[in-house]
Protein chains: 2
Amino acid sequence: MATSTKKARKSADADDMMDAKAVNDGSVASAADRVSETILQGIRAGAFVPGQHLLEPDLTRRLGISRGSLREALKHLAAAGIVTLNRFRGAYISTLDRKSVLDLLDTLEPLARLGARLAAENCGTDAQRKRMQLAAANIDAATKERNRGLYLDRRRQFYDAMIDIGGNMELARAMPLSRTDLFRAQVETIQTERQRMLHASGYAKITKAIVENDPVSADKAVKKHFDGTRKTIHELPPHAFPSLEI
Amino acid sequence: MATSTKKARKSADADDMMDAKAVNDGSVASAADRVSETILQGIRAGAFVPGQHLLEPDLTRRLGISRGSLREALKHLAAAGIVTLNRFRGAYISTLDRKSVLDLLDTLEPLARLGARLAAENCGTDAQRKRMQLAAANIDAATKERNRGLYLDRRRQFYDAMIDIGGNMELARAMPLSRTDLFRAQVETIQTERQRMLHASGYAKITKAIVENDPVSADKAVKKHFDGTRKTIHELPPHAFPSLEI
DNA sequence: TCCGTCAATATCGTCTGACGATTTCGTGTG
DNA sequence: CACACGAAATCGTCAGACGATATTGACGGA
């Protein structure tokens, strides 16, 4: 819904939001990429909720793109596990049960620890230190503001900064951050205030270790962060993980 | 009462729904998926080499599908880092330089170690043990046969078995196995016989630890395996990593 | 009344054809 | 021989169409 749909066809594409992730030769994002980003953003902001049914005709109208481009985007998101496609029945925002979330954490943790170690080894310039500290401060601010969409955006930016500084671009490809956004969106609304604040404080510790060029501490800080998240997941009530009865 | 009866009817149909869903889940792959698999298989077999130019008209003719479906597949492969798309200039099979390969190994290693640990913890039935041992034996046979395509296929099957037994499906999503196929295809032709045999022997050690339910040894075996691969990469001559053409 | 059968509808997967935008390259001209 | 210009090649996107399948609601019989 974020699109005010001034649009019509052949928009000027002056939409230069400087998507830094583009490893492409500076070309504009494709229509499918814009749709993917819009949907991911919608998930972070709560406009799309897990389990929601996505209709192609509806989305093509609302996003002002053709069915082909939309299908490319949905296919991409399905490959990343963000939506699930059912033949003849449409696309749904994926829902994660408790086991999937814990599995996801087990998978993400070693990658995050590697990313933190590399960032700690590689954080040499003032600009890099500044960037990490700003990212951490931004997360903190969003948490205090209780703005979920903003928090999830800035959490993403934090990881992006960490990976960027670490200098291992394969990590960016492998880390299932979008899928994590999905699970964060699911639990963010029902975890307790204490859990939320505790979680947010973890980023500050990781940042401290990174800017001090202490890979061992950075690794440990990430481990603690994930241990805390696992504890939170175990404490959540069953209704946090909707079982889909299509 | 009315609502109650309605729900009852739905419940009664639950069995049928499950059945239908199960059947549906095993449905045919989409055209785009078939194309992706064909291209990946072609890379493993050597029919497509890194740096090769992929023309849409040519591929649509050879694969017998429409441009739309082909583009879906190429987009998918591009997201996985298998091909790179250049606006107005076509798609190319990606090439990996030495740093990218080492970064890829750094990223894959912790995931492979996690997968091996989980498999070792979870390998409880004879069928599972048999599957792992068969996968390892198959790799060995393909190595001795010097059949590169077969070796890469079976290497993939080995990882699939390990992940399957481990029971963490998020791992399957996150592990950049296809991208590793790419790098394997690049180096497989020029590494020495000793390197090749040494590498193949690693799978046997990993398998042994897994079937003996020894997660610590499994983790160590994977680590050694990756250390060996890194050594091989460092020993390779520069021409193994083509600098970007054009 | 309740249940099974059957047609209408909704939705997806795929194909074909078209148009504009941009790069690449061959050819003609000075 | 250098340079400019136009044709060809190629990609990104769109619109419309067709068949296949699931869902749904109506109809008739026990």
Side-chain angles (χ1 to χ4, degrees), chain A residues 5 7-15 22 24-36 52-79 83-92 245-246, chain B residues 1-36 52-79 83-92 245-246:
Chain A
T5 24
K7 61 72 183 197
R9 51 251 281 72
K10 273 315 84 170
S11 64
D13 282 348
D15 180 16
N24 225 339
D25 41 300
S27 62
V28 294
S30 75
D33 291 339
R34 290 197 306 271
V35 173
S36 295
Q52 180 170 343
H53 198 170
L54 303 177
L55 290 311
E56 286 187 3
D58 179 41
L59 285 179
T60 52
R61 271 198 309 274
R62 276 164 51 185
L63 301 176
I65 49 141
S66 74
R67 242 186 99 207
S69 298
L70 175 65
R71 279 177 49 71
E72 261 185 30
L74 289 179
K75 208 80 198 273
H76 180 185
L77 292 172
V83 309
T84 60
L85 300 177
N86 296 50
R87 239 175 112 93
F88 310 118
R89 296 204 312 168
Y92 295 81
E245 63 261 14
I246 302 188
Chain B
M1 251 330 197
T3 62
S4 183
T5 55
K6 187 171 174 189
K7 284 193 185 209
R9 187 174 71 79
K10 290 241 174 203
S11 300
D13 287 347
D15 264 357
D16 283 348
M17 304 277 285
M18 291 303 237
D19 234 350
K21 181 158 160 268
V23 170
N24 186 17
D25 281 351
S27 67
V28 295
S30 74
D33 291 339
R34 288 197 309 273
V35 173
S36 295
Q52 181 170 343
H53 198 171
L54 302 177
L55 289 311
E56 286 187 2
D58 179 42
L59 285 179
T60 52
R61 271 197 310 273
R62 276 165 52 186
L63 301 175
I65 49 143
S66 74
R67 241 186 98 207
S69 298
L70 175 64
R71 278 177 49 72
E72 264 185 27
L74 289 179
K75 209 78 198 274
H76 181 179
L77 292 173
V83 308
T84 59
L85 300 177
N86 295 44
R87 235 176 118 95
F88 310 118
R89 297 203 318 174
Y92 296 81
E245 68 301 329
I246 291 197

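Lettering of chains follows the sequences in order, A, B, ..., and the numbering in each one begins at 1.
Distance CG (B:N86) to C1' (D:dA9): 15 Å, rounded to an integer number of Å. Nucleotide D:dC14 holds its P atom 14 Å from the CD atom of A:E56, rounded to whole Å. Summarising the geometry, the separation between CG on B:L54 and P on D:dG12 is reported as 13 Å, rounded to the nearest angstrom. As a whole-Å value, the separation of B:E72 CD from C:dG13 C1' is 9 Å. With rounding to whole Å, A:L55 atom CG is found 13 Å from D:dT23 atom C1'. Between the NE2 atom of A:H53 and the P atom of D:dT24 there is a distance of 10 Å, rounded to whole Å. Distance A:R71 CZ to C:dT14 P: 6 Å, rounded to the nearest Å.
For the atom pair OG1 of B:T84 and CG of B:L77, the computed distance is 11.0 Å after rounding to the nearest 0.5 Å. Within the model, atoms CG of B:L85 and CZ of B:R87 stand 11.5 Å from one another, a figure rounded to the nearest 0.5 Å. Between the NE2 atom in A:H53 and the CG atom in A:N86 there is a gap of 7.5 Å [rounded to 0.5 Å]. To the nearest 0.5 angstrom, B:R67 atom CZ is 10.5 Å from B:L74 atom CG.
Closest contact between the side chain of B:R89 and the listed nucleotides C:dT24, D:dT13, C:dG13 involves C:dT24. Distances from the side chain of B:F88 to the nucleotides C:dG13, C:dT22, D:dT13 place C:dT22 closest.
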Show your working on side chain to side chain contact (heavy atoms under 4.5 Å, CB included) between A:D33 and B:K75 and close with a plain yes or no.
CA-CA 10 Å; A:D33 291 339; B:K75 209 78 198 274; 3.5 Å; yes
Could you walk me through whether A:R71 and A:V35 pass side chain to side chain contact (heavy atoms under 4.5 Å, CB included), step by step?
CA-CA 10 Å; A:R71 279 177 49 71; A:V35 173; over 6 Å; no
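When the side-chain nitrogen and oxygen atoms of B:R87 are compared with OP1 and OP2 of C:dA21, none of them lie within a distance under 4.0 Å. Side-chain N/O atoms of B:S69 include one lying less than 4.0 angstrom from OP1 or OP2 on C:dC15.
Looking at every heavy atom in both residues, A:I65 comes nearest to A:A31 through CG2-CB, 4.3 Å. Among all heavy-atom pairs drawn from B:A32 and B:A73, the shortest one is O-CB, 3.4 Å. Nearest heavy-atom pair across B:A29 and B:R34 is O-NH1, 3.3 Å.
Looking at heavy-atom distances under 4.0 Å, B:L74 makes no contact with the nucleic acid at all. Among the heavy atoms of the strands, none lies under 4.0 Å from A:L70.
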Between protein and nucleotides 5-7 of chain D, what N or O pairs are separated by less than 3.5 Å?
none

Using nucleotides 16-18 of chain C, report all nitrogen or oxygen pairs with the protein that are shorter than 3.5 Å.
from: C:dA18; atom 1: N6; to: B:R67; atom 2: NH1; distance (Å): 3.3

